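Note sheet for the following structure.
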2 protein chains.
Amino acid sequence: MKDLVSRCPIEEVMQVLGGRWPTLLIYYLKDGTKRFSDLRRDNPTVSHRILTLELRKLEQAGIVERTVFDGYPLRVEYDLTPAGHTLMPLVDALGDWWEAHDAARPAAQTKTAAEAAAVS
Amino acid sequence: MKDLVSRCPIEEVMQVLGGRWPTLLIYYLKDGTKRFSDLRRDNPTVSHRILTLELRKLEQAGIVERTVFDGYPLRVEYDLTPAGHTLMPLVDALGDWWEAHDAARPAAQTKTAAEAAAVS
DNA sequence: TGTAAATTACGCACATTTTTGTCACCACGC
DNA sequence: GCGTGGTGACAAAAATGTGCGTAATTTACA
């Protein structure tokens, strides 16, 4: 997903939210301020490099806010921005949609011409 | 995004909708039935292999329906399933959110401790 | 009192894994 | 030979992970 192929805003959101981590990080941040190491502990399967990269991406997108405190043991806090908070219900809705249709998910088999004809 | 890391439904939707093509394909299919070659023409930047792969993924997810017509010039049609149609507004909402916040997107700079303090 | 070690939040170089693309090929009928 | 809707082998590109180094300060331990 190096660059965009359309000017569609949806493609742009997906560029930020697509992938495994962004939505998960947003989820953890929903509960309130988290430090870098908190997020690492919440999700040990993400490498620190990717975590920083993803957080920067979300920061650039205006979804999370990064605050640096100088001082002895370096300290950086992450929070959802107001925009990030308005995004939450939309993402939740997607999750709910999935759950609803996952429960009702049937064979999902390709129809043959015969079956298609039988319907009409 | 080989496998899941949580049981979160959001991660699962993202596994299907994440990436560049799924949402675009859904967009084209929104207008009605499309054949494989229609979709190729709509979007020449996707390779045919990826197109088939993505379509299969969407089919498996119950978002698109594939119908094969036997006969002389091979013919396969793709449509959104009812579930796929209910998904559209959710995806649109994300796009709208992006546009709204893209317009209002400010510096998005990391705050320093001093700035953070100045706020309170 | 001295010193080694840990913590925190990274950045960098490199290695590996995953995804995506290329190209050739298939059968079918015209 | 063309177009249709694929599949499979392989290659390129992109994403992700690994391990080391950094700074300042605190703690552990003899």
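What you are looking at is a predicted structure, and each value in this text was computed from that prediction instead of being measured. Just so we're on the same page: letters track the sequence lines, and every chain starts at 1.
- With hydrophobic clusters built from ILVMFWY side chains whose heavy atoms lie under 4.5 angstrom apart, A:I50 shares a cluster with A:V64.
- At least one side-chain nitrogen or oxygen of A:R56 sits closer than 4.0 Å to the OP1 or OP2 atom of C:dG11.
- When the side-chain hydrogen bond (donor to acceptor under 3.5 Å, both in side chains) test is applied to B:R40, no partner is found at least two apart in sequence or on another chain.
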>> Before you tell me yes or no, could you show the steps for A:E54 and A:W21 under side-chain hydrogen bond (donor to acceptor under 3.5 Å, both in side chains), namely the whole-Å CA-CA distance, both residues' side-chain angles and the distance that decides it to 0.1 Å?
In response: CA-CA 7 Å; A:E54 295 289 342; A:W21 311 116; 5.0 Å; no
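- Side-chain nitrogen and oxygen atoms of A:R75 include none within less than 4.0 Å of the OP1 or OP2 phosphate oxygen of C:dT7.
- Nucleic acid contact for A:S47: base, since at least one base atom lies under 4.0 Å from a heavy atom of the residue.
- Shown here for A:V13 and B:L94, the closest heavy-atom pair between the two residues is CG2-O, 3.7 Å.
- Atoms CH2 (B:W21) and P (C:dT19) sit 16 Å apart, rounded to a whole Å.
- Computed from coordinates, the B:I50 CD1 to D:dA11 P distance equals 17 Å when rounded to whole Å.
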Using nucleotides 23-30 of chain C, report all nitrogen or oxygen pairs with the protein that are shorter than 3.5 Å.
unit_1	atom_1	unit_2	atom_2	d
C:dC23	N4	B:H48	NE2	3.4

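- Dashed line: the shortest gap from a side-chain N or O of A:Y78 to OP1 or OP2 of C:dT8 is not under 4.0 Å.
- Taking only side-chain nitrogens and oxygens, B:S37 comes nearer than 4.0 Å to OP1 or OP2 of D:dG5.
- Regarding A:D38, its CG atom lies at a distance of 9 Å from the P atom of C:dT8, rounded to whole Å.
- Spacing between atom CZ of A:R66 and atom C1' of C:dA9 amounts to 8 Å, rounded to whole angstrom units.
- Relative to the axis of its first five pairs, the axis of the last five pairs of the helix from C:dT1-D:dA30 to C:dC30-D:dG1 sits at 40°, rounded to 10 degrees.
- There is no path of hydrophobic side-chain contacts, each under 4.5 Å, that joins B:L55 to B:L74.
- Note on A:R35: every side-chain N or O is 4.0 Å or more away from OP1 and OP2 of C:dC10.
- Nearest heavy-atom pair, B:V16 versus B:P22, reported as atom, atom and distance to 0.1 Å: O-CG, 3.2 Å.
- Counting any heavy atom pair closer than 4.0 Å across all strands shown, A:E54 reaches sugar-phosphate atoms only and no base atom.
- For B:L53 and D:dG8, the CG to P distance is 11 Å, given to the nearest whole Å.
- Atoms CG (B:L51) and C1' (D:dT4) sit 13 Å apart, rounded to a whole Å.
- For A:D92, the side-chain hydrogen bond (donor to acceptor under 3.5 Å, both in side chains) partners are A:Y27, not counting sequence neighbours.
- Shown here for B:P9 and A:E99, the closest heavy-atom pair between the two residues is CB-CG, 3.6 Å.
- Atom CD in B:E59 sits roughly 15 Å away from atom P in D:dG5 (whole-Å rounding).
- Using a 4.0 Å cut-off, some side-chain N or O of B:R41 falls inside it from OP1 or OP2 of D:dT4.
- Not counting sequence neighbours, B:R35 has no partner by the side-chain hydrogen bond (donor to acceptor under 3.5 Å, both in side chains) test.
- The CG atom of A:L25 sits 12 Å away from the P atom of D:dT16 (whole-angstrom rounding).
- Applying the side-chain hydrogen bond (donor to acceptor under 3.5 Å, both in side chains) criterion to B:T33, with sequence neighbours excluded, gives B:D79.
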